[in-house]
Amino acid sequence: MVAIFLSQWFYNYSVNQKAATLLKQGTVLKDIVSDYFDRKISKKKLKDELLLIDRLVNARIWVVDKYGYIYAYTEPTIDYEKQLTFTEFQDVISGKIVIKKDSFKGIFKKPMLTWAFQFM
């Protein structure tokens with residue numbers, strides 16, 4: 001019982017730590033994405049900056065517009081021509097923070113812990 005409790009506690013702790021780190025990086029992401037949409041930086045610069053944050057926090061990053069189209073990503077295997085239409089995506093657009101472990105209908109090869117939020 002103790003092992004199960006500690007395992008769950010460590011898992012929850014690591015998820016909360018990752019979420020806190022991503023939230024802190026959210027302000028940096030907001031500035032980078034805003035610069036891209038204001039045409040202050042190129043798409044290559046946007047991707048380079050996202051890759052830097054990706055490596056820093058060990059998280060794949062997607063930049064998605066309010067219609068679900070992916071503008072930039074740090075996961076090379078994602079088909080970015082797709083439009084995201086998941087219920088969770090609609091929740092993010094309405095201002096909710098979504099945390100889910102899923103493969104998102106096969107976009108990922110294995111279930112991934114996904115933390116999504118709207119910052120614009």
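To the nearest 0.5 Å, the span separating OH on Tyr11 from CG on Asn16 amounts to 10.0 Å. How far NZ of Lys43 is from NZ of Lys47: 8.5 Å, rounded to the nearest 0.5 Å. In this structure, CD1 on Ile41 lies 9.5 Å from OG on Ser34, to the nearest 0.5 angstrom. Considering CZ of Arg55 and CG of Leu51, their distance stands at 5.0 Å, rounded to 0.5 Å.
The hydrophobic clustering, which links ILVMFWY residues whose side-chain heavy atoms are closer than 4.5 Å, places Val57 and Leu52 apart. Connection of Val28 to Ile61 is established within a shared hydrophobic cluster, with ILVMFWY side chains joined at heavy-atom distances below 4.5 Å, either directly or through further cluster members.
Checked by atom type and distance alone, the side chain of Thr21 pairs as donor or acceptor with a backbone atom of Gln17 at under 3.5 Å. Not one N or O on the side chain of Asp54 forms a donor-acceptor pair closer than 3.5 Å with the backbone of Leu50.
For an aromatic pair to be called close, the ring centres must be under 6.0 Å apart, and Phe5 with Trp9 fails this.
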Discussion item. Under the criterion side-chain contact (heavy atoms from CB on, under 4.5 Å), I'd like the reasoning laid out for Ile32 against Ile53: C-alpha separation, chi angles, the key distance, then a yes or no.
Written reply: CA-CA 11 Å; Ile32 293 167; Ile53 294 170; 3.8 Å; yes
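In this structure Asp35 satisfies the salt bridge (Lys or Arg N to Asp or Glu O under 4.0 Å) test with no other residue, sequence neighbours excluded.
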